[in-house]
Each structure stands twice: as structure tokens, then as C-alpha cells.
Amino acid sequence: MSGAVGREPVFPTRQSLGLMKAKLKGAEVGHSLLKRKSEALTKRFREITRRIDEAKQKMGRVMQIAAFSLAEVSYAVGGDIGYQIQESAKQARFRVRAKQENVSGVFLPQFESYTEEGVNDFGLTGLGKGGQQIQRCRETYARAVETLVELASLQTAFLILDEVIKVVNRRVNAIEHVIIPRTENTIKYINSELDELDREEFYRLKKVSNKKQRDNAAADAEILAARQKAAEKEAQNGTADTSTVTNNEPEATDVLGEQEDNDVIF
Amino acid sequence: MEGLFFNVNGGYVEGIVRGYRNSLLSGQNYSNLTQCESIDDVKLQLGPSYGDFLASLPPNPSTSALAGKMTDKLVSEFRYLIAQSTGSTAKFLEYLTYGYMIDNIALLITGTLHERDTRELLERCHPLGWFETLPVLCVATNIEELYNSVLIETPLAPYFKGSLSHHDLDELNIEIVRNTLYKNYLEDFFNFVNTHPDFAGSPTQDVMSEILQFEADRRSINITLNSFGTELSKQERRKLYPEFGKLYPEGSLMLSRAEDVEGVALAVSAVADYKLFFDAVGLSQGGSGLGGMGGGPADGKSLEDLFYQKEMEMSKLVFTRQFTPAVVYGWMKLKEQEIRNVTWISECIAQNQKERIGNFISVF
């Protein structure tokens, strides 16, 4: 896996090594934080799923009762009152308020239902007959709508949480399986490159010193040869001016000494 | 003597109605219906009585579609009757339709008040309450126009006259308008059966007086019970009580003063029948059993149910009398109850709530 991740395009320098190390540390901290967030969200998510299940079953029951109470109304009134109710309803009695809840950085909308007291638009419907059934039916339906509102707020939270959990998990996985291995790879690469450079440098120095030695040896040999030649010439000339010879001798040794010194220092 | 010449004009109609009565569902039919597993089964069981009318329904129809078709049958039978009748019988049958007309007009007034296209509402009107000038109501765009030029042309004009002005239509709750009209209608009907020379002293007067008195009392009691907790004041409430019936005048006065269910129970205690009802549902003890089929007492009967039951018994008894168009009234009420019963049963089946399926009223 880590082989496929590759590394980041950086120059293998000590500075980028430092940067990479900092990055790795940051990634690890971020990973553990995100992991915790994801766990918190998942916990919440499970709870919401459970509550949705409950609410849906409750809704099934309540809606059934409500539909049945409507049947009671149509039995008692013996006709269609739908139009009249629609027309006489002017103000909403049952209202919904929305607020936000913060779950580890995620804003979940929550709907809260409440009844506006004093709004009773069709209180007189069915005055002649069936009025009580109508009122009771209304109450039953108000309860049913309450359940629906509760379910709606749970469902919205469910969807949002689902989305957020997916994103967070994707990030966690990305950090765990891509960013961290890649940074580690880069660090490894930088380290190996740096080692390589060290070795190369060492080898180069050795080469240089070898060459110097060889050069020195060659120079020595040349000087020696030259000196021999001079000695032979002197022997041939016999009594050539000795003063120059004597002058020449110490000078040659001096030069040699100097060169030796240089080598040592180097 | 009174029956000597009845058959000259009304014999055919009466005979037809007695025939219709035999097609009403019996207890046996109902017990078959309650055994059904689906609406299709219900449709099948209704086949003998309703035949062609249900044939056009799609498989597994909705309960409202079923009820609609059943109402269609009632309407077509009633139209046949009214077409066959003459003289005072025809007038009597017209009176029967006024109740539906009130509902239709209330519907159209609601539409006009809210500036809806009233033409759409015509389809929602009850076909029995249809009269020739009903579509004209749609022409009016505002309430004043509706009142001044249109409503006075309708058969219901006398009921508006004197008790409702066009300002009332605008300001009052439509339910109050409806109930005022209904009160006037009931009083007029009562007056008609008692004073019309063809009916005075005939069985019609006997049975119809009794039925209408019961109807008036039932409305008074219902209005009182339903007005608790609403903005309807006691004076306004009192205006809605029909001014006849067994409760009138002492009972009505007490009803108008009643503030809770106990007050109502006290007000009606002078009449043995109603006292029995209230005792049966336990309203005298406390308000818990208040007219509910849901929250009602153990035997599942609410006050409303008991009233329906009583109405059905009375309608059934009408058939023991002869030489009277009142049988048409009885038959219509029985038929309406039958439609309600079938709707209830099919609702129970459709919603799979069989435990309360027996909560219908069958008198045969």
C-alpha cells in the first residue's frame, strides 16, 4: 500500500525534513480528533435511528387512530364537511418552531410544535350534529401532526448526520491511509537521500585525497629526475661554478618541504 | 274516513315506498357485511339491494365512492317518487328536500364569502337539495347581491325572511346561519303537517308531529352540547332552538341556561325518553362519556348513537300506519342510516379495525 502512495515532491533537504516531521505530527493529531468526532456523531446517529424507528411505529398507530376518528365523524355527521372546514380555517392553530442544535460542530435543525391557544376557527362546525366527534377528530389529528413534526425533525437530523459522518469518515481514512503514509514515505526518502549525499561526499573526499597523493608522487618523481639530470650534467661539466650548485640544493629541498606541508594540511 | 280517498292521489307513491322498504338491509345482511374481508366483498354483499348502481365502481373502490353510489340510488328513487306524487303529497316530499337545500345554500354562502368559484361547489351539493335556481346562486359575487336578488327567489326565502339580514350572512358564523335556517324549516314543516287540511287529523299529523318534535329536541340538545367551550353565547344559542317539541318551552329555557352536561341532563329530565338516554351514557354522573364512540361508555353507545337509534325506531314505526306520505320520510331516514352503516362497516374493513365494526344501527 505505502508503495503506491508515493511521496511528496520535495527536495531532500534538512529544512523540508523538518517541515515533513511537523506535518506528520499535525496529521496524527488531526486523525485522532476526527476519529473522536466521527465516533461521537455515529453514536448520535444510532440514537436517532432508534428514535426514528420508534416515531415511525408511533406514527403508524396514531395515523390509524386519526383516520378512524375521521370515519367516526363521517358517520356522525353523515356528509362531507371537508369543504366547510377548509374554508373556515383562517389561522394556523398548530404551529412549528425551528431551532438549531449543535452536535460536535454539526448544526442539526430541530422542529418544535406548539398549539396557538385561542385559535379555534371551526369550533361551531357540526353544531347541529357531530360537533363533538369533529372536535375529537381534530384533537386526534393534532396529535398525529405532532408525531409527524417529531419525525420530520428526526429525519432531517438523520440526513444531515449521515452526510457529515460520511465526510468525516472519508477524511479520517484519507489521513490514515494516504497522508500519514505519504509523509512517512517522504521522510524516509529525505533521510535516505541525505545519507546518500553523506556517503557520496565521503567517497569524493577520498578520491580527492587519492588524486592529490598521486599528483604529489608524480611531482616528486619529476623533481628527482630533474635533480639526477642536473647531477649528471654537473659531473660532465666537471668544475662548473660550484656556487650555483650549492645555491640550488637548499632551494630544491625547501620546495619539497613546502609541498609536503601542504599535503598534510589538506 | 280519512283514508277513503288517500289512494286516489297518494296510493301509488305509498305502495312504491313500501316496496323500497323491503330492499333495506336486514340484520342478516349486516351480519354478512361484517364478515367481509375487503370492500369488494362488501360490494358483492350489497349486490341484491343496490345492483346496477355499484356495477360501475372499479375493483376495491374507496368508501366514499361506495357511499356516493348508494346515495345515487336513494336520490334516483326519491326523484321517481316526487315525480309520481301530486297535490299535498308532492308538497310534503318537497319539504323533505328543504333540509338538504339548507346544507347546499350554506355551502354556497361559504364559497361566496370566501370569494371562491362557486361553480365548482355545485358538484359538491347534495343532489336531493337541488332546485332550479340553485345554479343562479353562483352568479352572485358578493353577499349583498346574493341576499337581495338571489336568495329571495329560492324556496328557502321564507326562512331567511325575518330572522337573517344580509349583514348577518356576512358577520355570523355560517353554522349559526345554517342552524337558524334549519330551525325555521323545522317550525315551518311542523306547522305544515299540523295545519294543512289534507293532513290535519290524519295519521300523517300523528307520526310526523312526533318525529319532528323529536328532531327539534335532538337539535336543541346537540346544539347545547356542542356549543360548550365555543364563543356561542347563551342568547344566540337560545335563538337556534326550534320553538316546539317536547322540551319546549320549559326544557328549552333550561337548556339555554345550561352551562355543562349536567345542566343539559337536568333540562331534559322532564322527558322520560331523553332522561333514559342520558342515564344510559352516564352523562348525569359526569362528563366523561360525552357523546363519544371512542371515549364512550362500555357498551360503545354514545348519545348521538342513541338518538340515531331512536330516530330509526320511529322511522320503522311509521310503516305501521297507512294512508300517509310519512312513510317516505321514514324510508328516507332509514336509507340514510343504511348508507351511514355501510360506510362505517366498509371504513372499519378498509382500516382493519374490526373491533368496533358492530357499532352501527340496524332496526330490521
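Order of the sequence lines fixes the chain letters, A, B, ..., with proteins taken first and strands second; residue numbering starts at 1 for each chain.
Between B:Trp344 and A:Tyr75, the ring-plane angle classifies as tilted under the 30° and 60° cut-offs. Ring geometry for B:Phe307 versus B:Phe277: interplanar angle over 60°, hence perpendicular rather than tilted (30 to 60°). Taking the six-membered ring where the residue is Trp, B:Phe214 and B:Tyr274 present tilted rings, their angle falling between 30° and 60°.
B:Ile345 does not touch chain A: none of its heavy atoms, backbone or side chain, sits under 4.5 Å away. Interface remark: B:Tyr182 contributes no atoms to any contact with chain A (heavy atom separation under 4.5 Å). For chain A, the nearby part of B:Glu347 is the side chain; its heavy atoms alone come within less than 4.5 Å. Contacts of B:Ile339 with chain A are absent, with no heavy-atom separation under 4.5 Å from either backbone or side chain. Looking at B:Glu336, there are no atoms closer than 4.5 Å to chain A (heavy atoms on both sides), in backbone or side chain.
Considering all non-hydrogen atoms of both residues, B:Leu225 and A:Gln132 come closest at CB-NE2, 3.2 Å.
For the set B:Asn179, B:Thr224, B:Thr343, the count of heavy-atom pairs under 4.5 angstrom toward chain A peaks at B:Asn179. Counting heavy-atom pairs under 4.5 Å between each of B:Gln353, B:His126, B:Arg340, B:Arg219 and chain A puts B:Gln353 at the top. Note: B:Leu121 leads B:Leu121, B:Ile176, B:Thr63, B:Asp103 in heavy-atom pairs under 4.5 Å with chain A. Counting heavy-atom pairs under 4.5 Å between each of B:Leu240, B:Thr71, B:Thr110, B:Leu107 and chain A puts B:Leu107 at the top.
A:Lys35 is listed as a side-chain neighbour of A:Glu176, based on a closest heavy-atom distance under 4.5 Å.
Here the two rings, on B:Tyr30 and B:Phe360, have centers that are under 6.0 Å apart.
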request  = List the steps, then state whether side-chain hydrogen bond (donor to acceptor under 3.5 Å, both in side chains) holds for A:Thr13 with A:Ser16.
outcome  = CA-CA 5 Å; A:Thr13 59; A:Ser16 46; 2.9 Å; yes
